[in-house]
Participant: 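After the structure tokens below, expect a handful of questions from me.
The figures that follow rest on heavy atoms only: side chains count, while hydrogens, waters and symmetry mates do not. From a predicted model like this one, the values you see are computed outputs, not experimental measurements.
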Amino acid sequence: MLGEQTNVDKAASVGNYLSLYFGQNQGVRLGESTVASRRAHARMPEKRVKGQIKILINRDAGKTYLDYVDVDQIVHIDVYHKAGEIDPRDVARVIFWALDEHFLEKDPQLQYAEDERFKLVSSFANKIFITTNQGKGLLYDLFQDVVKPFIQGEEGYDHVHILARLSREEYYLVYVMAEAVEEVVLASGVKLSKVRNITHGNQKEERESYAGYIKLPWKNFKGQNARQLPDKENVNQLILKLAEKFGGVDEIEEFMESYSTNIFKRKGIEQQKKKWGDVEHDVEQLEELGLIKNSILGKVLTKKGLQLKEFVVNHKCELETEIRRNVRRAPSGGSGRFKKLGKMERKTAQVEYTNRNRTINDPDKSWSGDLAVPETIIQAKKNSFLRGDQHFTVKKQDLHFYDKKTYVPIDICLLIDASGSMAGDKRQAACFLAEHLLISGKEKVAVVTFQERSSNVVVPFTRNQRVLSRGLSTISPAGLTPMANGIVTAVDLIKNNRVKNPLLVLITDGIPNTPLWTLDAKADALEAAAHIKENKIRLICIGVESNRNFLEKLADHADGALYLVDDLNKDNLINIVRYEKKSMMEAGKRMA
């Protein structure tokens, strides 16, 4: 056990202790059965080293278990136990009330403000994810008896696995949670398992090894003509894998140019990471496929690699069609991890069009629109016979009109923070969102970026994917965050194009630090946001929890909505914009 009593002093001491060790990328053992770190944990096989846990210092817990983009966001707590069943709902309840008791002990005045205390505890309910061998889920869901099934092979089969999104100042809560979990394990009739030692080391990140199942001909037929084109189906499969990382065919070609013998076209590994994120895994896979090799110039394309590059160039249209099909698919992750603050009440304009696949015949209703002549003639012929008319006649009850449908067009302008912190995976996620919106919708998409001390329209409103791809390829994050400048540029773009139902989507992981009109960057951004409201433009701001206070003010000045996400990955971005578009369309139909 961690101690007979839980108190504020112990928790504060543990919090300081954790801050010191977490800052050095180390994990710690609390008591005899609990291990905490910001990294993934591996349990050594019992036959080799009994009770030893390895902290994998090169595998961030948030990225490993929750697909986070940013590192050091998650504290990973494992409480080890012997064989037995642990109900995650019991764990959730015990943690909830332990936090409640701790906050009350820390501030006795909260006993007179139950609502405030409950709100304080509840704020952590969506930040703590719990897994046991009987199920898993967010503390908030488990507290309401909503349990997702445990999948064999996941973390939690012999320990209570907790992932908590905590800031440095909140590390003291690890002590509160760990002691509460140990108590619920023992109360379940299960014995705790001793952790005798912890070690630290690296582990090669387990990522998909597509080189293992993509079989290119030269891997099996040595000595074949080097000019022989590889099997088309397998090459297409390889290109689709690369497209998941790099985007379209043009960017794949640009990546491959980084491994050409032309030193003027080569990009260093840091330049590649800045644009596309971690590329080392993909380079390893291409080496295994025989497409890249080491040379005196560094890594370069082999003859087969050059052959593949030539194939990409010559089959660009065909490959882009396959990539579009993949990009069009919505993520399968459900609603995603996001929280919405604020509400937009703007009216939504509709477009009415004729549906020539359906006709209506209602003599008691006055209709205006396109007359369905063939259907009207057929109906009149039938009715003339039934009425006993001596001659063919067309009367009101014979008339067929084409039905009308209403549609809510939503043109989207993405306002992307292109400061230095958005380099790599975040840039790729924002670009993927733009591609997905254009390919999966009927409306126009525009992209505005802001970085250094200015902003730029990289893609004007368009329905042309090639125009979009060319513009996105120019985005190279660097420098500061001139948010006010970006907002003004986006508003002007929307006004000048007179688009229907404009939706401005601001994607940022920071706060403004470069002013536009005054010396106060934040004040300028808030003033610029007011222009969004004045021009009756809908705004949704997608940001991270750490910047909540400022982004709430920004959304309020624009009369828009704020979405707070764990991180800016592509699934979160797509789910948010799809959710907002759906809300706008439903609002438009209700007003009809």
Side-chain angles (χ1 to χ4, degrees), residues 62-63 66-70 73 243-248 251 275-277 323-324 326-342 344 410-419 421-441 443-451 458-459 465 468-469 471-473 475 477 481 483 486 490 502-510 538-548 551 554-555 560-584:
K63 296 186 76 169
L66 298 175
D67 297 326
Y68 277 24
V69 171
D70 286 329
Q73 303 295 305
E244 290 177 9
K245 177 67 180 177
F246 300 102
E251 296 216 25
K275 186 164 187 177
W276 298 303
I323 293 171
R324 280 197 297 271
N326 275 9
V327 173
R328 186 178 291 113
R329 296 193 187 106
S332 58
S335 59
R337 299 185 300 271
F338 60 80
K339 177 168 56 177
K340 182 178 180 180
L341 303 173
M344 294 182 289
I410 302 169
D411 293 318
I412 298 177
C413 176
L414 297 181
L415 178 55
I416 300 174
D417 176 358
S419 59
S421 60
M422 288 288 289
D425 291 334
K426 296 177 190 176
R427 173 204 178 273
Q428 289 298 87
C431 292
F432 190 93
L433 170 66
E435 296 269 11
H436 175 81
L437 291 173
L438 185 133
I439 291 171
S440 63
E443 305 88 357
K444 294 179 180 179
V445 174
V447 179
V448 176
T449 60
F450 55 94
Q451 63 187 135
V458 295
V459 183
Q465 191 197 6
L468 179 70
S469 298
L472 295 178
S473 67
I475 299 176
T481 312
M483 190 177 292
L503 176 61
L504 179 59
V505 181
L506 169 60
I507 302 171
T508 179
D509 69 341
R538 287 174 178 263
L539 168 77
I540 60 172
C541 174
I542 305 175
V544 294
E545 181 76 36
S546 58
N547 300 322
R548 173 174 177 170
L551 295 180
L554 184 83
L562 168 64
Y563 286 87
L564 294 173
V565 295
D566 299 326
D567 57 7
L568 299 173
N569 61 48
K570 65 182 181 182
D571 286 3
N572 273 342
L573 297 183
I574 291 173
N575 281 321
I576 288 170
V577 178
R578 285 171 62 87
Y579 173 83
E580 196 61 46
K581 283 183 66 178
K582 183 179 179 182
S583 300
M584 290 176 67

Participant: Quick one: closest heavy-atom pair of P477 and R427, and the distance?
Facilitator: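 That would be CD-CD, 3.8 Å.
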Participant: Which residues satisfy the side chain to side chain donor-acceptor pair (under 3.5 Å) test with Q465, sequence neighbours excluded?
Facilitator: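 Q465: side chain to side chain donor-acceptor pair (under 3.5 Å) contacts with R324, E435.
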Participant: To the nearest 0.5 Å, tell me how far K581 NZ sits from I540 CD1.
Facilitator: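 Rounded to the nearest 0.5 Å, the NZ-CD1 separation comes to 11.0 Å.
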Participant: What distance separates L539 CG from L506 CG, expressed to the nearest 0.5 Å?
Facilitator: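 That separation rounds to 6.5 Å.
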Participant: Is the shortest heavy-atom distance from the side chain of L433 to the side chain of V577 under 4.5 Å?
Facilitator: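 L433 vs V577: side chains touch.
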Participant: Please confirm whether K63 makes a cation-pi placement over Y68, using NZ or CZ under 6.0 Å from the six-membered ring centre and within 45° of the ring normal.
Facilitator: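 No, a cation-pi geometry is absent between K63 and Y68.
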Participant: For K426, what residues pass the side chain to side chain donor-acceptor pair (under 3.5 Å) criterion, not counting sequence neighbours?
Facilitator: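 K426: side chain to side chain donor-acceptor pair (under 3.5 Å) contacts with D70, D509.
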Participant: What distance separates E580 CD from R538 CZ, expressed to the nearest 0.5 Å?
Facilitator: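 Spacing of CD (E580) from CZ (R538) equals 7.0 Å.
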Participant: Mind checking the CD1-NZ spacing from I410 to K582? Nearest 0.5 Å is all I need.
Facilitator: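 Rounded to the nearest 0.5 Å, the CD1-NZ separation comes out at 12.5 Å.
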Participant: Is there a side-chain contact between L554 and M483, using heavy atoms and a 4.5 Å cut-off?
Facilitator: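 In contact.
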Participant: Out of L468, L414, I475, L438, which residue meets the side chain to side chain contact (heavy atoms under 4.5 Å, CB included) rule with V459?
Facilitator: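 In the set L468, L414, I475, L438, the residue that makes a side chain to side chain contact (heavy atoms under 4.5 Å, CB included) with V459 is L468.
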Participant: Are the side chains of D417 and I507 in touch, meaning some heavy atoms are under 4.5 Å apart?
Facilitator: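 Of all side-chain heavy-atom pairs linking I507 with D417, none is under 4.5 Å.
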Participant: Does A490 have any side-chain contact (heavy atoms from CB on, under 4.5 Å) partners at least two apart in sequence or in another chain, and if so, which?
Facilitator: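 Only C413, L415, V448, L504 meet the side-chain contact (heavy atoms from CB on, under 4.5 Å) criterion with A490.
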Participant: According to side-chain contact (heavy atoms from CB on, under 4.5 Å), who are the partners of D411, at least two apart in sequence or on a separate chain?
Facilitator: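 D411 satisfies side-chain contact (heavy atoms from CB on, under 4.5 Å) with E443, K444, F461, V499, K500 once adjacent residues are dropped.
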Participant: Determine yes or no for a side-chain-to-main-chain donor-acceptor pair under 3.5 angstrom, with N575 supplying the side chain and D571 the backbone.
Facilitator: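 Pair found, side chain donor or acceptor close to backbone of D571.
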Participant: Is there a side-chain contact between F432 and I574 (heavy atoms, below 4.5 Å)?
Facilitator: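 The answer is yes, as the side chains (C-beta and beyond) meet within the 4.5 Å cut-off.
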Participant: Please name the pair of heavy atoms, one in A434 and one in V447, separated by the smallest distance, quoted to 0.1 Å.
Facilitator: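 Where A434 meets V447 most closely, the heavy atoms are CB-CG2, 4.2 Å.
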Participant: Measure the SG-CG distance between C431 and L472 for me, rounded to the nearest 0.5 Å.
Facilitator: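 Answer for the SG-CG pair, C431 versus L472, is 4.5 Å.
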Participant: Would you name the heavy atoms of V565 and L568 that are closest together and state the gap between them?
Facilitator: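 Looking at all heavy atoms of both residues, the closest pair is CG2-CD2, 3.7 Å.
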Participant: Looking only at non-hydrogen atoms, find the nearest pair between G543 and L551 and report the distance.
Facilitator: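 That closest heavy-atom pairing would be CA-CD1, 3.7 Å.
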Participant: Spell out, as yes or no, whether a donor-acceptor pair under 3.5 Å connects the side chain of T508 to the backbone of G510.
Facilitator: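 Looks like yes, one N/O pair under 3.5 Å.
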Participant: With the threshold set at 4.0 Å, does a side-chain nitrogen-carboxylate oxygen contact exist between K245 and D425?
Facilitator: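 Yes, this pair counts.
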Participant: Does a side-chain heavy-atom distance below 4.5 Å link L564 with R548?
Facilitator: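 Heavy-atom side-chain distance check passes, below 4.5 Å.
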Participant: Any non-hydrogen side-chain atom of F246 less than 4.5 Å from a side-chain atom of K275?
Facilitator: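 They are not in contact (no side-chain heavy atoms under 4.5 Å apart), so the answer is no.
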Participant: When rounded to the nearest 0.5 angstrom, what is the spacing between CG in L437 and CD1 in I412?
Facilitator: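 Output value for this atom pair is 4.5 Å.
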